[in-house]
Amino acid sequence: MKLGVLDVQGDVTEHVRSLEAAVGSLGLDADVVAVRTPGSIGSLSALVIPGGESTTVGKLMREYRLDRAVLEVAESIPIFGTCAGMVLLSREGDNLKEGQSLLGLMDALVLRNAYGRQRESFEAELDIPVLGGGVFPGVFIRAPAFERVWGGCECLCEHGGKVVLARQGDILASAFHPELTCDTRLHEYFLEMI
Ligand code: GLN
């Protein structure tokens, strides 16, 4: 099977590495590929939408019709959005750029730059019950957060009174960057959805 990382902008290589490590720990038979055409998304068993800049990623996705391709597979494969990817997966947004469009796959209201500007980026130890014991290293870089979730969207972790990890069906979103750490538990949790 093929696991894809959307290669439009952002930390694609880091996600490829984390997925490869998670594939190794789970003993899966899978190739991890960077995808940048609508045609290559249809053959994936899972897709990651990396962090970057959600306005740029969203614009390029529209331009290259990747948004439609993602919406087409959303019912059938797990999708994991981190940081800017979390913004894009949301149904509603606060502090969005004018004209910024979202994929609307999660029943959530996202706040862009929820913790302030780039210089307010931080690390925090997170308690994520679905990963079992032990804290998870949360790397927040001009991070968003869900201010509100409803419907099928479930909060899996909160930080500072905001939702920083959530799941809706087989769609997962994190405000932080697990791919910038050596901890592959969240990528493994994601791959277990396949
Ligand atoms: N603040 C950025 C945005 O809105 C996300 C930052 C990130 O992905 N590290 O797109």
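For clarity, every value in this text was computed on a predicted model and none was experimentally measured. Every number for a ligand or one of its atoms is a count from 1 in the order of the listing. These values consider heavy atoms only, across backbone and side chains, with no hydrogens, waters or symmetry-generated copies.
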| query | Would one find an N or O of Arg142, backbone or side chain, under 3.5 Å from an N or O of ligand 1? | reply | yes

| task | Check whether more than 12 heavy atoms from other residues, nucleotides or ligands sit under 6.0 Å from atom CD of Glu63, and answer yes or no. | result | yes

| query | Within the structure, does Ile141 bring an N/O atom to less than 3.5 angstrom of an N/O atom in ligand 1? | reply | yes

| query | In terms of atom number and element, which parts of ligand 1 are under 4.0 angstrom from non-hydrogen atoms of Arg112? | reply | 3 (C), 4 (O)

| query | Is there any N or O on Thr55 that sits under 3.5 Å from an N or O of ligand 1? | reply | no

| query | Is the backbone N or O of Ser18 less than 3.5 Å from a side-chain atom of Thr184, with the two atoms forming a donor-acceptor pair by type? | reply | no

| Counting each atom of ligand 1 from 1 as listed, which ones have a heavy atom of Gly51 under 4.0 Å away? | 8 (O)

| request: Quick one: look up the protein heavy atom nearest atom 1 (N) of ligand 1 and list residue, atom name and how far away it is. | output: Asn113 OD1, 2.6 Å

| field | Main-chain N/O of Arg36 paired to Asp7 side chain as donor or acceptor, under 3.5 Å | value | no

| query | Is a donor on one side and an acceptor on the other found under 3.5 Å between the side chain of Ser174 and the backbone of Phe176? | reply | yes

| Sub-3.5 Å N/O-N/O distance, Gly52 and ligand 1 | yes

| said: For the backbone of Ser121 and the side chain of Arg119, can you confirm whether one donor and one acceptor N or O come within less than 3.5 Å of each other? | reply: no

| request: State, to 0.1 Å, how close Ala145 and Ala175 come at their nearest heavy-atom pair, and which atoms those are. | output: CA-CB, 4.5 Å

| task | Could you find the nearest protein heavy atom to atom 10 (O) of ligand 1 and give me its residue, atom name and distance? | result | Ser54 N, 2.4 Å

| Looking at ligand 1, does any of its N/O atoms fall within less than 3.5 Å of an N/O of Pro144? | no

| remark: Apart from Leu180 itself, its cluster of hydrophobic side chains linked below 4.5 Å comprises Val139, Ile141

| query | If hydrogens are left out, which of Ser121, Gly10, Pro50, Cys83 has an atom nearest to atom 7 (C) of ligand 1, that is, the closest non-hydrogen atom? | reply | Cys83

